[in-house]
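Below is one structure, written out as structure tokens, with a few remarks after it.
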Amino acid sequence: MLITWRRAAAGALVLLLAACATVVPGGSDCVGVIGPAPAGLREVQDETLRALALGAPDKGALCAGKVYVAEKAVTVYRVWDAAKPFTLYGRWWSFTRPQGPRAQYQRDNAICPEWSALDKMSACTIKVGSKIVTGPGQSAQCEQFVLPQSPVNQVFIANDGLSNVLYVESCDEGSVWP
């Protein structure tokens with residue numbers, strides 16, 4: 001009888017915990033995998049930065065991510081809106097040179113059309129000692145449709161161009177894109 005009671009209590013506890021559980025971004029339900037980082041980046045632990053880069057379903061950002069610190073300058077690329085020059089120093093980057101067409105790039109990176117004109121591209125280097133997060137993209141709710149999760153890896157850099165807090169340097173002036 002005591003064993004039956006313990007099993008029932010254990011089962012009730014499991015059900016209670018399952019009912020209280022929430023889905024945490026970065027779980028195994030992401031499309032794609034976190035790709036290897038380029039030379040010059042070393043994996044580190046920083047749950048605060050990682051959490052900042054992860055997004056809930058339909059909110060954009062990353063679905064899963066790993067944190068790295070730059071041990072040497074690493075080139076990153078950003079497509080941005082020329083009508084908003086401060087967006088050159090945004091938070092979302094790529095290790096690979098972006099390719100068009102624009103609609104494909106938007107799908108691959110879960111960027112809603114209303115968020116940015118995506119008409120200029122720049123290259124910068126990550127400052128040595130700066131931390132970044134990389135991983136596949138989360139889904140994004142746009143005005144008229146939802147962009148699904150993407151297996152394409154993105155790079156999150158916690159820049160704040162409006163406050164001039166930058167973790168990138170040596171940026172080019174940008175070129176018309178695509």
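Quick note: numbers below take in every heavy atom, side chains included, and nothing from hydrogens, waters or symmetry partners. Because the structure is predicted, anything quoted here is derived from the model rather than measured.
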Same apolar cluster: [X] and [Y], side chain cutoff 4.5 Å:
{"X": "Leu52", "Y": "Val44", "answer": "yes"}
{"X": "Ile132", "Y": "Val168", "answer": "yes"}
{"X": "Val165", "Y": "Trp80", "answer": "yes"}
{"X": "Phe156", "Y": "Val67", "answer": "yes"}
{"X": "Tyr68", "Y": "Leu62", "answer": "no"}

Backbone of [Y] reached by a side-chain donor or acceptor of [X] within 3.5 Å:
{"X": "Asn109", "Y": "Ile111", "value": "no"}
{"X": "Arg107", "Y": "Ser150", "value": "no"}
{"X": "Thr125", "Y": "Glu169", "value": "yes"}
{"X": "Glu114", "Y": "Glu143", "value": "yes"}
{"X": "Ser163", "Y": "Asp160", "value": "no"}
{"X": "Lys127", "Y": "Leu166", "value": "yes"}
{"X": "Arg91", "Y": "Ile157", "value": "no"}
{"X": "Asp58", "Y": "Gln141", "value": "no"}
{"X": "Arg102", "Y": "Ala117", "value": "yes"}
{"X": "Gln138", "Y": "Lys59", "value": "no"}

Please find the pair of heavy atoms, one from [X] and one from [Y], that lie closest to each other, and give the distance.
{"X": "Asp119", "Y": "Ala82", "value": "OD1-N, 2.8 Å"}
{"X": "Ile126", "Y": "Val76", "value": "CD1-CG1, 3.7 Å"}
{"X": "Ser139", "Y": "Val146", "value": "CB-CG1, 4.5 Å"}
{"X": "Asn153", "Y": "Val33", "value": "ND2-O, 2.8 Å"}
{"X": "Val31", "Y": "Gln149", "value": "N-OE1, 3.0 Å"}
{"X": "Ala61", "Y": "Leu54", "value": "CB-C, 3.9 Å"}

Min side-chain heavy-atom separation [X]-[Y] under 4.5 Å:
{"X": "Arg78", "Y": "Thr87", "result": "yes"}
{"X": "Gln104", "Y": "Gln99", "result": "no"}
{"X": "Ile34", "Y": "Pro136", "result": "yes"}

Decide if atom [atom1] of [X] counts as having more than 12 heavy atoms of other residues, nucleotides or ligands within a radius under 6.0 Å.
{"X": "Gln144", "atom1": "CD", "value": "no"}
{"X": "Phe95", "atom1": "CZ", "value": "yes"}
{"X": "Tyr105", "atom1": "OH", "value": "yes"}

Trp93 and Tyr77: aromatic ring centres closer than 6.0 Å?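 No; Tyr77 has its ring centre 6.0 Å or more from that of Trp93.
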OH/Tyr89 to SG/Cys124 distance, rounded to the nearest 0.5 angstrom?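 Output value for this atom pair is 6.5 Å.
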Nearest 0.5 Å please: distance from the CG atom of Leu49 over to the NZ atom of Lys131.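 Rounded to the nearest 0.5 Å, the CG-NZ separation comes out at 7.0 Å.
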Could you go through the side-chain contact (heavy atoms from CB on, under 4.5 Å) check for Trp177 and Lys120 one step at a time? CA-CA 5 Å; Trp177 189 86; Lys120 203 151 189 177; 5.6 Å; no
Val69 and Leu41: CA distance, side-chain angles, deciding distance, side-chain contact (heavy atoms from CB on, under 4.5 Å) verdict: CA-CA 6 Å; Val69 64; Leu41 296 175; over 6 Å; no
